[in-house]
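Some notes on the structure that comes next.
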Amino acid sequence: MSSGRKQYPFDLIEPKWQQKWDAEQTFRAWNPGETVPAKHPFGLRHGLAGKVAERSALPPKFYILDMFPYPSGAGLHVGHPEGYTATDILARYRRSQGLNVLHPMGWDAFGLPAEQYAIKTGQHPRKTTEENIANFKRQIKSLGFSYDWTREVDTTDPKYFQWTQWIFLQLYNSWFNPETNKAESIDTLKYPADCTTEEQKRAYRDNKRLAYVSEAPVNWCPELGTVLANEEVVDGKSEVGGFPVIRKPMRQWMLRITAYAEKLLNDLDTIDWTDSLKEMQRNWIGRSEGAEVDFQVDGHAAKIRVFTTRPDTLFGATYMVLSPEHKLVGEITTSAQAAAVKEYQRFATTKSDLERTELAKDKTGVWTGANAINPVNGEKIPIWIADYVLSTYGTGAIMAVPAHDERDFEFAKKFNLPIVQVVQPPDVKTDWRGFLDEGTAVNSSNADIALNGLSTKEAKRKISEWLDAKGLGKKTINYKLRDWLFSRQRYWGEPFPIIWKKDASGNLYHEALTASELPLRPPQLEEYKPTSDGQPPLARAKDWVNLPDGSIRETNTMPQWGGSCWYYLRYADALNGKVFVGPDAESYWMGTGKFQGEVKPGVDLYVGGTEHAVLHLLYARFWHKVLFDLGHVTTAEPFYKLVNQGLILGEMEFTAFNYDDGNPCSSNELKNVEEEATASGKRLVGVHKASGIKIAGRRIAENEVEKVTGGFALKTDKSILVDARSFKMSKARGNVVNPDEIVNDFGADSLRLYEMFMGPLQETKPWNTEGVEGVYRFLGRVWRMFVDDGSETAYEQAEAVATPETRGELLDLIILDGGILEAEPTKEQLKVLHTCIKKVTEDLEGMRFNTAISAMMVFSNEASTWQTKPFSVMKTFLQLLAPFAPHLAEELWSRLHSTFGHVAPSLTYAVWPKFDPALLVEDEVEIPVQVNGKLRDVIKVPTAATEAEIEAFALATEKIKAALEGKTVKKVIVPKKKLVNIVAV
RNA sequence: GCGCGAGUGGCGAAAUGGCAGACGCGCCAGACUUAGGAUCUGGUCCCGUAAGGGGUGAAGGUUCAAGUCCUUUCUCGCGCACCA
């Protein structure tokens with residue numbers, strides 16, 4: 001489409017308005033206490049022009065936030081503008097409703113790609129980052145989004161990361177007080193009696209901080225040369241790059257997110273997120289209720305503590321399993337078993353997480369030679385070690401109840417361990433072996449306690465009470481959530497404001513910088529690789545690391561998630577040099593605002609993809625809660641309403657399959673058809689159902705296929721079905737759509753409109769560039785509805801010979817269509833307009849952008865046929881269009897007003913039109929008439945007709961009489977005067 | 001395996017339990033044109049010349065009335081996955 005005639009001169013219109021909006025700071029959001037310039041349209045609308053915007057005088061706020069983009073070198077893809085357009089439309093709509101809208105944008109700019117580029121080329125990541133930001137910003141600006149650019153933030157800017165480091169100090173200098181159930185200053189910590197020396201106190205204190213150092217096994221990714229948080233490891237591979245991850249003990253900074261597990265879980269009930277997203281967070285937090293039970297090791301002083309959710313099955317515990325890394329393994333292993341145990345431990349630790357997952361089905365383990373005593377029946381049960389027990393969950397040890405646990409059952413079968421039934425399934429025909437659900441307790445009694453006959457629930461309660469009374473165990477709650485591993489062995493991140501010192505006995509300890517010493521900038525380096533002895537790149541900067549007093553700086557840096565944990569707070573007061581966010585700005589923009597009767601604490605609307613479900617969105621909630629506890633913010637949750645945009649897939653692709661001998665294979669002969677990466681790109685591979693052999697597909701063109709019953713088939717042989725599907729856009733597949741090209745060919749307004757017209761925001765949907773032409777044509781029709789044909793022809797002829805310098809003035813050649821007059825609208829015209837106002841307004845409230853656009857298309861289809869187009873109607877239509885296609889709407893709005901000698905008020909701050917229900921009422925309505933639920937006729941009746949009259953009308957028509965012939969009318973239903981259904985037999 | 005979501009024309013989709021397919025793409029026909037990959041007009045779920053009949057993944061159910069509610073089932077997508 002890049003050739004061919006333009007539907008309208010969007011290439012002149014769009015830059016013109018973007019420049020104007022920039023120059024006039026149209027979208028600037030005003031903080032309480034700021035002075036609004038005399039001519040600013042926001043001030044003019046709200047009576048604040050030239051005045052100080054006192055908080056009491058400001059209209060209610062509305063904070064609309066987009067997820068923080070990482071400015072990659074690849075630039076924007078069409079997925080970004082989907083969410084950005086949705087929020088921009090709502091931001092513009094809310095402004096016109098009279099709200100003070102905060103709609104900002106910025107850059108999550110620390111990150112791996114810039115650093116890896118630096119390692120390869122030696123170029124400072126700052127340079128790459130700046131270039132990428134400039135490109136992203138250019139692309140985003142070309143789409144005409146109404147951001148307040150004065151609030152732009154960049155996580156790599158020292159003015160920004162100074163405060164990221166400051167928040168780290170807040171975490172460092174706090175502990176979680178279980179009594180008050182919140183974070184408090186570390187100064188409120190009480191020391192136990194046996195902490196007497198400074199060293200002991202320091203150790204105790206450092207162990208309680210929300211930011212602490214741990215020496216545990218961590219996720220090490222050799223390929224990336226850094227550790228990763230649990231949330232960044234997917235299927236044993238790094239989320240970024242998909243490289244293998246192994247477990248390695250290392251000293252690392254951790255953040256105590258587990259202290260907030262309960263709050264993070266419970267407060268999900270106070271926010272308006274989708275159920276699926278809340279469910280993902282709940283699963284990740286993974287709360288489970290159960291009991292801890294102590295088992296005495298036979299012949300040892302040691303006890304083994306286990307966690308179980310099924311204490312009612314304690315009588316069925318026939319063996320125990322420790323994780324290979326469990327502390328007691330060495331102590332209890334008998335000499336006879338020592339060699340086997342050591343060998344198994346070695347085997348377990350060398351396995352990567354990936355291998356552990358892949359080999360999950362085959363159980364392995366060895367006996368330690370030791371036994372434990374089952375506290376309920378005194379029986380000796382063997383203690384094994386096996387890697388199906390994770391050291392990081394619960395106590396790292398389990399009681400195995402093979403009869404009623406799938407994993408224990410498999411393990412017991414493999415190693416011939418006894419299996420004892422303790423739960424009777426409700427249905428007697430169900431095999432109790434491997435029965436996991438609730439039932440009735442059996443074989444569970446001793447001299448002291450009897451569970452037999454009790455339901456699982458009752459049995460759990462009774463045994464828990466008994467264990468508690470006997471001092472053998474207690475009720476406990478466990479979480480899957482682990483503390484957040486917060487350090488990375490990288491250069492391009494925030495340095496920790498931490499220095500290390502040695503105490504009198506030569507042990508290292510850490511101290512934090514003070515807030516006044518921030519920002520701590522990273523040093524200049526010649527090379528960005530880790531050191532040869534495996535230290536992070538910052539260790540290369542000897543002058544930076546080694547301080548005059550002999551102490552040394554921390555050389556780890558913070559992960560990318562740090563900067564993105566609080567950016568939404570900085571937007572509220574982005575230029576504040578004294579605090580991370582001023583209290584007035586924070587409480588105004590983030591406070592508990594009331595709008596349309598709904599109480600919304602925090603950001604009013606947050607839109608982004610699901611990829612951050614358990615990373616950014618969990619981390620940010622955690623930081624926010626800490627800041628809330630410490631009194632720095634006024635709400636307990638940062639994001640009140642969150643909407644996930646759906647993924648945009650590439651255009652539909654067809655794939656044909658062939659056997660090895662070249663004969664075609666119909667796709668319905670295959671199962672498990674999925675994508676496979678090869679050296680030359682990606683392809684589809686399926687498994688032949690009959691033979692089980694793998695068959696690879698090849699992509700074919702759309703004109704080679706034809707629709708048949710059951711799918712698509714080859715044109716050349718219609719018995720051969722082909723696979724038809726859309727794929728995620730990726731460089732490897734070569735199906736990425738670049739927004740720049742769409743803007744160049746069709747304009748920003750068309751791109752915006754198409755992204756919204758594709759379907760509901762939340763759904764996954766395939767891209768189709770031909771669909772862009774559809775909305776582009778619609779905008780062209782709107783344009784032609786307003787402008788004079790002849791003048792446009794003159795414009796086009798002039799344009800063909802214009803120079804770039806003179807082109808801009810050519811727009812003046814275009815005049816308004818003669819049919820637009822300051823005339824009184826007809827009843828019909830008002831009805832068409834108000835139907836559109838109603839639909840667009842309601843759909844904006846419900847974020848149904850696709851149907852709002854179709855309502856405007858209906859309007860333009862109608863209005864195009866009008867001889868006389870009343871000024872007032874056309875003007876109002878432009879207001880409806882403005883949030884969606886702001887450039888075109890502004891251009892026509894200004895022409896419309898100037899043609900009639902009116903001063904055009906700012907379209908951005910023009911009062912949103914209200915629909916008048918009275919105008920939608922018709923004299924006559926069409927009512928469908930059904931006989932036994934089947935449509936037989938449609939009748940026209942006066943709107944004022946009563947139900948009885950409608951019924952009589954319906955029964956009297958020829959078609960209905962015919963349909964009722966030979967039948968007796970049993971009943972006539974006229975629901976809400978909308979339809980008649982005659983029941984007849 | 002577990003959890004969540006979705007299945008409607010050739011395609012993207014629309015439908016407070018009340019006329020299934022609005023709107024758009026594509027396609028077909030026509031008009032204007034030297035031309036059309038511009039624009040405008042009309043048509044376009046399936047069977048049938050028509051009258052009529054059938055139709056929202058499949059099978060049951062509730063209801064005067066079901067794409068929509070309930071039960072079973074199949075398919076696809078997403079998330080989690082030895083979490084005791």
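Below, each value reflects all heavy atoms present in this structure, side chains not excepted, and no hydrogens, waters or symmetry copies. Since this is a predicted model, take the numbers as computed values, not measurements.
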Could you please name the option among [options] that lies closest to any side-chain atom of [X]?
X: A:Asn981; options: B:rG12, B:rA84, B:rG18; value: B:rG18
X: A:Val938; options: B:rA15, B:rC19, B:rC80; value: B:rC19
X: A:Glu770; options: B:rG26, B:rA38, B:rC64; value: B:rG26
X: A:Pro760; options: B:rC23, B:rA14, B:rC19; value: B:rA14
X: A:Leu979; options: B:rC19, B:rA14, B:rA84; value: B:rC19
X: A:Ser854; options: B:rG12, B:rC23, B:rA14; value: B:rC23
X: A:Arg777; options: B:rC23, B:rG18, B:rG26; value: B:rG26
X: A:Asn768; options: B:rG3, B:rG12, B:rC25; value: B:rC25
X: A:Pro928; options: B:rC4, B:rA84, B:rC19; value: B:rC19
X: A:Lys934; options: B:rG77, B:rG12, B:rG54; value: B:rG54

Spacing of the [atom1] atoms in [M] and [N] (rounded, Å):
N: B:rC45; M: B:rG77; atom1: P; result: 31 Å
N: B:rG3; M: B:rA65; atom1: P; result: 34 Å
N: B:rC46; M: B:rG9; atom1: C1'; result: 9 Å
N: B:rA15; M: B:rC23; atom1: C1'; result: 12 Å
N: B:rC11; M: B:rC80; atom1: P; result: 31 Å
N: B:rU73; M: B:rC25; atom1: C1'; result: 34 Å
N: B:rG52; M: B:rG57; atom1: P; result: 27 Å
N: B:rC19; M: B:rA13; atom1: P; result: 23 Å

message = Need to verify one output field. Residue with the more 5' nearest nucleotide on RNA chain B, A:Met280 or A:Thr309?
response = A:Met280
key: A:Thr610 vs A:Asn478, nearer the 5' end of RNA chain B by closest nucleotide   = A:Thr610
query = When all nucleic acid strands are considered with a 4.0 Å heavy-atom cut-off, which category describes A:Asp408: base, sugar-phosphate, or nothing?
reply = nothing
Only pairs with both distances under 3.5 Å count, Watson-Crick or wobble alike; so what is the partner of [N] in this structure?
N: B:rA13; result: none
N: B:rC45; result: B:rG54
N: B:rG5; result: B:rC76
N: B:rU33; result: none
N: B:rA81; result: none
N: B:rA22; result: none

Nearest whole Å is fine: how far is [N] [atom2] from [X] [atom1]?
X: A:Asp843; N: B:rU16; atom1: CG; atom2: P; result: 11 Å
X: A:Glu406; N: B:rA81; atom1: CD; atom2: P; result: 16 Å
X: A:Tyr776; N: B:rG37; atom1: OH; atom2: C1'; result: 13 Å
X: A:Arg282; N: B:rC80; atom1: CZ; atom2: C1'; result: 15 Å
X: A:Phe411; N: B:rA84; atom1: CZ; atom2: P; result: 18 Å
X: A:Met652; N: B:rG10; atom1: CE; atom2: P; result: 11 Å
X: A:Lys838; N: B:rU16; atom1: NZ; atom2: P; result: 11 Å
X: A:Leu481; N: B:rC80; atom1: CG; atom2: P; result: 15 Å

It should be established whether [X] places a side-chain nitrogen or oxygen under 4.0 Å from OP1 or OP2 of nucleotide [N].
X: A:Arg848; N: B:rA14; answer: no
X: A:Asn283; N: B:rA81; answer: no
X: A:Gln7; N: B:rU39; answer: yes
X: A:Ser288; N: B:rA84; answer: yes
X: A:Arg936; N: B:rG52; answer: no

Indicate yes or no for a side-chain donor-acceptor contact from [X] to the backbone of [Y] under 3.5 Å, with no hydrogens or angles considered.
X: A:Lys480; Y: A:Asn283; result: yes
X: A:Asp937; Y: A:Val929; result: no
X: A:His404; Y: A:Val422; result: yes

inquiry  = Whether the side chain of A:Lys363 and the base of B:rC82 hold a donor-acceptor pair under 3.5 Å is what I'd like checked.
reply    = yes
ask   = Aromatic ring centroids of A:Phe10 and A:Phe746 under 6.0 Å?
value = no
key: Between A:Phe849 and A:Phe757, ring centroids under 6.0 Å   = no
ask   = A:Gly394 and A:Asn478: which non-hydrogen atoms are nearest, and at how many Å?
value = CA-ND2, 3.5 Å
query = What heavy-atom pair brings A:Pro324 and A:Val389 nearest, and what distance separates the two atoms?
reply = CD-O, 4.1 Å
key: Syn/anti state of B:rG67 by chi, 90° boundary around 0   = anti
inquiry  = Tell me whether the NZ or CZ atom of A:Lys6 lies within the 45° cone about the ring axis of A:Tyr8 and under 6.0 Å from its centre.
reply    = no
task = Assign the ring pair A:His616 / A:His612 to parallel, tilted or perpendicular, where the plane angle (0 to 90°) is split at 30° and 60°.
result = perpendicular
